[in-house]
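Here's the structure we're looking at; comments come further down.
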Amino acid sequence: LGAFGAAMTLTHIPAGRLADAMGRRPMLIAAWGIGVLATGIMALARTLPAFVGGLLLYGLTAFVASPLDSYTTAARGKWSVGRAMTFVSMTFNGGAVIGPMIGGRIADALDFRTVYAIAAVIFVFSTLTVLLIHPQPRDHHDPENPPARLLHNKRYLQFLWVFFFVAFAAYVPQPLSSNFLRNEQGLSLSALGQLISIAYLGTTILALVLGQLEARTGFLLGQAAMVAFTLILWKGLGLGWFAVGYFLLGGYRPIRSLGVAQVRQFVHKSQMGLAYGLAETLGSASTLLAPPLAGWLYARDPALMYPTGMILVVLGIILTLARVPRRKVAPRDHVDAMVEV
C-alpha cells in the first residue's frame with residue numbers, strides 16, 4: 001500500500017509535462033486503458049504478487065490527475081476553474097458513495113475476484129466513453145516573449161508551499177480517526193462504515209457548494225470545515241456529532257481541488273499540465289508525510305492528533321489570508337495578464 005501511494009505521487013509531474021507536449025486527450029485515454037489492464041490483472045490474479053502487480057499498475061493511473069485538470073480547465077466554458085474542478089471531484093466522490101456498497105454486497109454474495117472482474121468490465125465501457133471526448137489544441141507561448149519558467153515564477157512557488165502546508169495540515173487528523181473512534185470511543189465497525197459513507201456524501205455536497213464560490217474563498221471555507229471536524233472528534237460528543245464531523249470532513253477534497261484550481265492564475269496556459277502536475281504531486285506527498293506524524297502523536301495520546309491538527313489548519317488559514325491573493329481579473333479572458341514574466 002505504501003508503494004501504491006508512492007506510485008500515485010510520482011506520476012503527476014511527468015504526466016503533466018507530457019500533456020503539455022503531446023496533448024491531454026491521449027493521456028486521458030492512456031490512463032483509462034491502464035485502468036482496464038490493471039483491474040483485469042487483479043481479477044485474474046491467483047497469487048498475491050500478481051495481485052500486487054495489478055494494484056501498483058492501477059496506482060500509476062493517478063497520472064490522469066494533471067491532464068484531467070488541464071482538460072477540464074480548457075473545456076470549462078463560462079465556468080470558473082474552481083467550479084469546473086470541484087464538479088469533476090463531486091461526480092467522482094458521488095460514485096465513491098455508491099461503489100463500495102455495491103462492491104461489498106457482491107463480495108458477500110460471490111467473492112472478491114468477481115468484484116474486480118465486474119470493475120474491469122465497467123472500466124471497458126468507461127474507456128469507450130472517454131474515447132468520445134474531443135481533442136484540444138496544444139497551447140503555445142510567444143517564442144519572442146516566453147513566460148517565466150515555473151521554477152523561476154515566485155508567485156507560483158509561494159502558492160505551492162502554502163498549498164502543501166494546507167493539504168498536510170488538513171490530512172494530519174484523518175489517517176487514524178477510525179482507530180480512535182473504534183478503540184477510544186467504542187464505535188462498532190458498522191457505525192464506522194456509516195461515518196465513512198457520510199464523509200463521501202459530505203465531499204459530494206461540499207464540493208458542489210464550495211465550487212460555486214471564488215476559489216480562494218472556497219479554499220478557506222474548506223479549511224474551516226476541517227477545523228470543525230477536528231474539534232468535534234477531539235471533544236467526542238457522541239455518534240450524532242461524529243456524523244456531523246465526518247460530513248464536514250468532506251471539505252478536504254474541495255481543499256485539494258480548489259487549491260489546484262488557483263494554480264491557473266499564476267502560470268501561462270502553455271504550462272498548465274506541468275504546473276498542475278507539481279501541485280498534484282505536493283498534494284499527494286502530504287498524504288504520505290502526514291500519517292507518520294499522526295502515528296507518532298497517537299502513540300503518545302490518541303486524542304493529541306486533533307488539537308495538533310486544528311492548530312496546523314488554523315495556521316494554514318492564516319497563511320492563505322496572508323499569502324494567497326484574491327483573483328482580480330476575469331478567469332478566462334485576462335488570466336495570462338497576471339502571470340509573472
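The backbone N or O of Phe266 lies less than 3.5 Å from a partner atom in the side chain of Asn153, making a donor-acceptor pair. The closest donor-acceptor contact from the side chain of Arg256 to the backbone of Tyr252 lies at 3.5 Å or more, if one exists at all. A donor-acceptor distance shorter than 3.5 angstrom exists from the side chain of Glu214 to the backbone of Arg216, with no hydrogens or angles considered. No donor-acceptor distance shorter than 3.5 angstrom exists from the side chain of Arg264 to the backbone of Thr73, with no hydrogens or angles considered. At distances below 3.5 Å, at least one donor-acceptor pair connects side-chain atoms of Ser286 with backbone N or O atoms of Gly283. A donor-acceptor contact shorter than 3.5 Å links the side chain of Gln158 to the backbone of Arg323. Looking at Glu280, its side chain never comes within 3.5 Å of a backbone N or O of Ser66 through a donor-acceptor pair.
Side-chain contact check for Phe159 versus Val324: some heavy-atom pair is nearer than 4.5 Å. Side-chain atoms of Leu258 and Thr86, non-hydrogen and from C-beta on, do get closer than 4.5 Å to each other. Within the 4.5 Å cutoff, no side-chain heavy atoms of Arg76 are placed close to those of Arg83. In this structure, the side chains of Tyr156 and Val263 come closer than 4.5 Å at one or more pairs of heavy atoms. The side-chain heavy atoms of Leu220 and Thr217, taken from C-beta on, include no pair separated by under 4.5 Å. The shortest side-chain heavy-atom distance between Arg149 and Leu151 does not fall under the 4.5 Å cut-off. Side-chain contact between Gln136 and Ser70 is absent, with no heavy-atom pair separated by less than 4.5 Å. Looking at Leu249 and Met226, their side chains come closer than 4.5 Å, going by heavy atoms from C-beta outward.
The CG atom of Leu192 sits 7.0 Å away from the CZ atom of Arg182 when rounded to the nearest 0.5 Å. Distance CZ/Arg253 to CE/Met85: 11.5 Å, rounded to 0.5 Å. Interatomic distance, Leu201 CG to Leu206 CG, rounded to the nearest 0.5 Å: 9.0 Å. Taking OH from Tyr58 and CZ from Phe123, the interatomic distance works out to 4.0 Å, rounded to the nearest 0.5 Å. Between the OG1 atom in Thr308 and the CH2 atom in Trp296 there is a gap of 8.0 Å [rounded to 0.5 Å]. Atom-to-atom distance recorded for Leu237:CG and Lys235:NZ is 8.5 Å, nearest 0.5 angstrom.
Taking every heavy atom of both residues into account, Leu289 and Pro292 meet most closely at O-CD, 3.1 Å. Nearest approach of His12 to Ala65, heavy atoms of both residues: CE1-CB, 3.6 Å. Counting all heavy atoms, side chain and backbone alike, Gly309 lies closest to Val172 at CA-CG1, 4.4 Å. For Pro173 against Thr230, the heavy-atom pair with the smallest separation is CG-CG2, 3.2 Å. Shown here for Arg24 and Pro137, the closest heavy-atom pair between the two residues is NH1-O, 4.3 Å. Between Gly218 and Leu210, the shortest heavy-atom contact is O-CD1, 3.8 Å.
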Expected list for residues 160-171: side-chain donor-acceptor pairs under 3.5 angstrom, two or more places apart:
none

Less than 3.5 Å apart, which donor and acceptor atoms pair up between the side chains of residues 46-56 and the rest of the protein, not counting sequence neighbours?
| residue | atom | partner | partner atom | Å |
| --- | --- | --- | --- | --- |
| Arg46 | NH1 | Leu44 | O | 3.0 |
| Thr47 | OG1 | Ala50 | N | 3.4 |

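Partners of Tyr298 under the side chain to side chain contact (heavy atoms under 4.5 Å, CB included) rule, at least two apart in sequence or in another chain, are Leu176, Asn179, Phe180, Asn183, Glu184, Pro302, Met305. Scored by the side chain to side chain contact (heavy atoms under 4.5 Å, CB included) test, Ile34 finds Leu57, Thr61, Phe63 as partners (sequence neighbours excluded). Checked against side chain to side chain contact (heavy atoms under 4.5 Å, CB included), Pro26 has no partners two or more places apart in sequence or in another chain. Taking the side chain to side chain contact (heavy atoms under 4.5 Å, CB included) definition, one finds that Pro67 meets it with Ala15, Ala19, Met27, Leu28, sequence neighbours left out.
By the 6.0 Å contact criterion, CZ on Arg25 is enclosed, its count of non-hydrogen atoms from other residues, nucleotides or ligands being greater than 12. The environment of OH in Tyr200 is sparse: at most 12 heavy-atom neighbours from other residues, nucleotides or ligands sit within 6.0 Å.
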>> Pair Val115, Leu110 - check side chain to side chain contact (heavy atoms under 4.5 Å, CB included), show working.
In response: CA-CA 8 Å; Val115 174; Leu110 300 172; over 6 Å; no
>> Using side chain to side chain contact (heavy atoms under 4.5 Å, CB included), reason through Leu181 and Tyr246 one step at a time and then give a plain yes or no.
In response: CA-CA 12 Å; Leu181 293 176; Tyr246 265 73; 3.6 Å; yes
>> Show, in sequence, the C-alpha distance, side-chain angles and deciding distance for Leu278 and Leu282, and conclude whether the side chain to side chain contact (heavy atoms under 4.5 Å, CB included) test is met.
In response: CA-CA 6 Å; Leu278 285 165; Leu282 287 178; 5.9 Å; no
>> Is there a side chain to side chain contact (heavy atoms under 4.5 Å, CB included) between Asp111 and Thr114? Walk through the geometry before answering.
In response: CA-CA 6 Å; Asp111 54 43; Thr114 304; 2.7 Å; yes
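No single ILVMFWY cluster, assembled from side-chain heavy atoms under 4.5 Å apart, contains both Ile102 and Phe92.
Thr72 and Asp69 are not linked by any side-chain donor-acceptor pair at a separation below 3.5 angstrom, with hydrogens and angles left out of the test.
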